[in-house]
Amino acid sequence: MEESKSKSLNFLEEIVQADIAAGKYPQGIFTRFPPEPNGYLHIGHAKSICLNFGLAQKFGGKTNLRFDDTNPMTEETEYVDSIKSDVAWLGFEWANELYASNYFEQIYQFAVSLISKGLAYVDDSSAEEIAALKGTPTTPGTNSPFRNRSVEENLALFSAMRNGDFADGAKVLRAKIDMAHPNMHMRDPLMYRIRHVPHHRTGNQWCIYPMYDFAHGQSDSMEGITHSICTLEFDVHRPLYDWFINKLEIFPSHQYEFARLNLSHTVMSKRKLLQMVNEKVVSGWDDPRMPTISALRRRGYTAASIRNFCERIGVAKRDNLIDISLLEFCIREDLNKIADRVMAVMDPVKLIITNYPEGQTEDLLVENNPEDPETGKRVVPFSRELYIEREDFMVEPPKKFFRLGPGLQVRLKGAYIITCDHFELNTDGSVKEIHASYIPESKSGQDTSGIHVKGTIHWVSIPHAIQAEVRLFDRLLIVEDASELGDDFVKFINPESLNIIDNAFVEPSLAQATIGEAVQFIRKGYYCLDRDSKPDHLVFNRTVTLKDTWAKEQKK
RNA sequence: UGACCUAUGGUGUAAUGGUAACACACCAGUUUUUGGUUCUGGUUUUCUAGGUUCGAAUCCUGGUAGGUCAACCA
């Protein structure tokens, strides 16, 4: 009969589908991801990447990676490299690696062509004069005194600009459109400026550089981009985008705009991210608290979880503020399926199994992942002296506390049921050690004791445990929406966003952990080995906690 | 005192003139050798005023609210 109902399309997919149905692009559609190489990619870029590549994948097209490198003042090869590795890590393959700077000669010729048609002119006005004559959104602008230069003079001047005859700022090339246009971008926009600055790819070959508006659409057109997708703030540029393409009579790429991603409890603007790096509020662009792709990767986020997140947030044209809990959900969902379970104690307190023989060690077999029995089991050593989590013992446990306390029973995960017999305190009143007895017939997997306990806690064997550093990360900001915050947003950084624990103990199997590989510390969260780790000093990053309904219960 | 964009539960996104749905979050229960997971159920929605229509979240008009635009940035 009918094929199963497909998921509804977002507005961009609908546009593409309609274009294809209309037979507009028999060669297939083409999209592009066009970052300026002046910073690191963040989760907002991931949305754009997933969109551009996803659209092409879905409709049998291709996607270019194009660096929008028209401003040599801010761009560096370092950023080019990080951007390429981030896009590749996210799992996308670009059809071509391209640079707007590849097209400088062609774009120059486009400019010459517009001058020849009387549609562009060289203006000697200063930046201030141009701004003053531009008017405001509510008052029309005024024509520049240089607006009516002859084609010949403009051609000669523009050529001289290219030759380096003029100083920076002495002249610009402008499109001749309409200084009274209600859209500010149509009031004789700048096409070229003089910049005696070496470019990271073209070196000193050029001293004039095209502006965004005279490079982006032209690059799209030259590449045969059918759907040029950008964020909402470029909406007002679209008439200009179309005007240039139309006057140049080149391939008609079309621009479409979507609302960029805003995430709660973090900042996304390049300026603010850079500020945090410069002020050393964070350790760098890949500090695991940052929303950059490289930071998320280091923190333990998987590419699949980020792709899934981008899929779930949807695409539309209204401003949004996505709750970061959705991102957290996506990484938990993924890691729950693939992360092996291991045991680690963050805040150790000693537990002595008084009826377990001194010096005896037992190799227990514990499942790696109950979600995936295929992952098998591993050996976990058990002995008389263990560490358990300090918070898993209470001298005076309240009702519904399914853990350890005087006289209470719990199961040690993968081992035995124990009964707490007594405990000793330090002089400061804190618990020094806990004494318990184990029930030999209750061994995990072959339990004949008939005892049923409500709680299971994790543990590590003291003689076998490895001491480790654990970095607990939490949300960057204590406020949901950072959009209203100014430069003082650093005052709202969550003091708990980084909490370093240097006295954690992990089970010995973790000696084999590899950097970035995800594990679940049972009952605690998902973690991965940080690149700062050394064989004699393991460092783990907390990617995300497990959901903790007990913590919620306690807050009541 | 301009042009343009947008308006659906707490947060996002669907519904393409015909029963307002899905996910996250939240709440309750289920399952569980992780207070994790699973499964089930629940709370909460069309900015406003008119109009067109048998019928409007959807189309039209006005209003209101939010956003974008006045870099030799992208």
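Fair warning: this is a prediction, and the values are worked out from it, not measured in the lab. Proteins come first, then strands; the chains are lettered A, B, ... in the order of their sequence lines, and each starts at number 1.
We find that CZ of A:Phe11 is positioned 11 Å from C1' of B:C5, with the value rounded to whole Å. Nucleotide B:G66 holds its P atom 17 Å from the CG atom of A:Leu232, rounded to whole Å. When the P atom of B:C4 is taken as reference, atom NZ of A:Lys317 falls 13 Å away, rounded to whole Å. Look at CE on A:Met179: it is 15 Å from C1' on B:G2, rounded to the nearest Å. Taking atom CD of A:Glu328 as the reference point, atom P of B:G12 lies 16 Å away to the nearest angstrom.
Looking at A:Thr456, its side chain never comes within 3.5 Å of a backbone N or O of A:Lys413 through a donor-acceptor pair.
Annotation: side chain of A:Tyr526 is not in contact with side chain of A:Thr545 (no heavy-atom distance under 4.5 Å). Side-chain contact between A:Ile418 and A:Ile353 is present, with at least one heavy-atom pair separated by less than 4.5 Å.
A donor-acceptor contact under 3.5 angstrom links the side chains of A:Tyr40 and A:Glu78, judged on distance only. One side chain, A:Glu223 or A:Tyr103, offers a donor N or O that lies under 3.5 Å from an acceptor on the other. For the 3.5 Å distance criterion, the side chains of A:Glu75 and A:Asn38 fail to qualify, holding no donor opposite an acceptor. In the model, A:Arg32 has a side-chain atom that pairs as donor or acceptor with a side-chain atom of A:Ser228 under 3.5 Å. Side-chain N/O atoms of A:His265 and A:Glu480 include no donor and acceptor closer than 3.5 Å.
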Side-chain donor-acceptor contacts of residues 158-170 of chain A below 3.5 Å, not counting sequence neighbours, with atom names and distances?
{"from": "A:Arg162", "atom 1": "NH1", "to": "A:Glu105", "atom 2": "OE1", "distance (Å)": "3.3"}
{"from": "A:Arg162", "atom 1": "NH1", "to": "A:Glu105", "atom 2": "OE2", "distance (Å)": "3.4"}
{"from": "A:Arg162", "atom 1": "NH2", "to": "A:Glu105", "atom 2": "OE1", "distance (Å)": "2.6"}
{"from": "A:Asn163", "atom 1": "ND2", "to": "A:Ser159", "atom 2": "O", "distance (Å)": "3.4"}
{"from": "A:Asp168", "atom 1": "OD1", "to": "A:His196", "atom 2": "N", "distance (Å)": "2.8"}
{"from": "A:Asp168", "atom 1": "OD2", "to": "A:His196", "atom 2": "N", "distance (Å)": "3.4"}

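For A:Phe11, the side chain to side chain contact (heavy atoms under 4.5 Å, CB included) partners are A:Ile15, A:Phe258, A:Val315, A:Lys317, not counting sequence neighbours. Not counting sequence neighbours, the partners of A:Asn368 by the side-chain hydrogen bond (donor to acceptor under 3.5 Å, both in side chains) test are A:Arg378. Qualifying salt bridge (Lys or Arg N to Asp or Glu O under 4.0 Å) partners for A:Glu13, counting only residues two or more places apart in sequence or in other chains: A:Lys58.
When the nucleotides B:G2, B:C27, B:A14 are ranked by their closest atom to the side chain of A:Lys552, B:C27 comes out on top.
Using bins of under 30°, 30° to 60° and over 60° for the plane-to-plane angle, the ring pair A:Phe214/A:Phe244 lands in the perpendicular bin.
Across all strands, A:Val315 comes closer than 4.0 Å only to sugar-phosphate atoms, never to a base (heavy-atom distances).
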Under a 4.0 Å heavy-atom criterion, the protein footprint on nucleotides 69-74 of chain B, written with B, S and -, is SB-BSB
Go along nucleotides 33-44 of chain B 5' to 3' and tag each nucleotide: B for a protein heavy atom under 4.0 Å from its base, S when only backbone or sugar atoms are that close, - otherwise.
-> BBBBS-------
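Residues in residues 438-457 of chain A take part in these salt bridge (Lys or Arg N to Asp or Glu O under 4.0 Å) pairs, two or more places apart or across chains: A:Glu362-A:Lys443, A:Arg411-A:Asp447. The salt bridge (Lys or Arg N to Asp or Glu O under 4.0 Å) analysis of residues 176-198 of chain A, with sequence neighbours excluded, yields the pairs A:Arg147-A:Asp188.
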For RNA chain B, what string of dots and brackets results from 5' to 3' when Watson-Crick and G-U pairs need both distances under 3.5 Å, crossing pairs get [ ], and pairs with another strand get |?
-> .((((((..((((....[..)))).((((.........))))....(((((..]....))))))))))).....
Between protein and nucleic acid, restricted to nucleotides 17-21 of chain B and to nitrogen or oxygen atoms under 3.5 Å apart, what atom pairs and distances do you find?
none

Between protein and nucleotides 22-24 of chain B, what N or O pairs are separated by less than 3.5 Å?
{"from": "B:A23", "atom 1": "O2'", "to": "A:Arg312", "atom 2": "NH1", "distance (Å)": "2.6"}

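Within residues 42-50 of chain A, no residue places a heavy atom under 4.0 Å from RNA chain B.
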Full working for side-chain hydrogen bond (donor to acceptor under 3.5 Å, both in side chains) between A:Thr266 and A:Arg475 | CA-CA 7 Å; A:Thr266 191; A:Arg475 298 170 177 188; over 6 Å; no
